[in-house]
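As structure tokens, the structure follows; a few thoughts come after it.
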Amino acid sequence: MMRRFLLIGVAVTLLAGPALAVEPGERLDDPTLESRARVLSQELRCLVCQNQSIDDSDAPLARDLRVLVRERIAEGDSDEEVLDYIVARYGEFVLLRPRVNTQTYLLWALPFIVLLCGTVAVVLTLRRKEKSQAQPAPLSPGEKARLEEIVNRRDTPGS
């Protein structure tokens with residue numbers, strides 16, 4: 001009995017995945033064009049939700065963007081032309097994966113810069129620690145005399 005419930009639960013979960021937020025009225029009749037639209041919709045950010053693609057979002061603006069993508073594809077635009085059109089209207093922020101260009105070099109390079117700085121900091125810290133523990137400074141003549149005095153005082157009986 002428990003197996004049946006488990007199998008039914010798995011089946012429902014697997015079938016619910018493709019539904020997402022795309023409504024039946026939005027879909028294109030041609031499966032190839034619809035497939036392109038779905039791929040493009042997954043690359044565009046919902047400007048309301050910001051951490052979801054327009055393919056996953058139920059927001060009205062996301063629906064409008066999905067319809068716009070499908071209209072542009074139906075008119076014969078290439079994928080790049082569709083993205084360029086939407087970026088021209090809404091800015092680079094609408095892309096979930098920003099393009100590499102002069103405005104985004106720092107964005108793409110920043111993780112590597114932080115990693116490099118962290119590595120350099122760790123290496124320098126380890127070297128400093130190694131040098132500080134390597135050799136103690138030699139005793140000065142005054143320190144040697146004081147040490148002799150302490151050692152001799154302990155060796156004499158009755159002190």
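Just so it is clear, the model here is predicted, and its values are computed rather than measured. Counting begins at 1 with the first residue of the sequence.
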With side chains defined as the heavy atoms from C-beta onward, is the minimum distance between S57 and R45 less than 4.5 Å?
-> no
Distance, nearest 0.5 Å, that separates CZ of R72 from OG of S78 |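 Those atoms lie 10.0 Å apart.
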State the CZ-CG distance between R38 and L33, to the nearest 0.5 angstrom.
-> 14.0 Å
Charged N to carboxylate O below 4.0 Å: is that the case for [X] and [Y]?
X	Y	value
D84	R99	yes
R146	E149	yes
R66	D55	no

Closest non-hydrogen atom pair, S41 against R70 | OG-NH1, 3.7 Å
With the 4.5 Å side-chain cut-off for hydrophobic clustering, are [X] and [Y] part of the same group?
X	Y	value
L44	V39	no
V100	L96	no
F93	V69	yes

Check the pair L95 / E43 against side chain to side chain contact (heavy atoms under 4.5 Å, CB included), numbers first and verdict last.
-> CA-CA 6 Å; L95 297 175; E43 293 183 26; 5.7 Å; no
Chi angles and distances behind the side chain to side chain contact (heavy atoms under 4.5 Å, CB included) call for L40, I86 | CA-CA 11 Å; L40 288 174; I86 291 179; over 6 Å; no
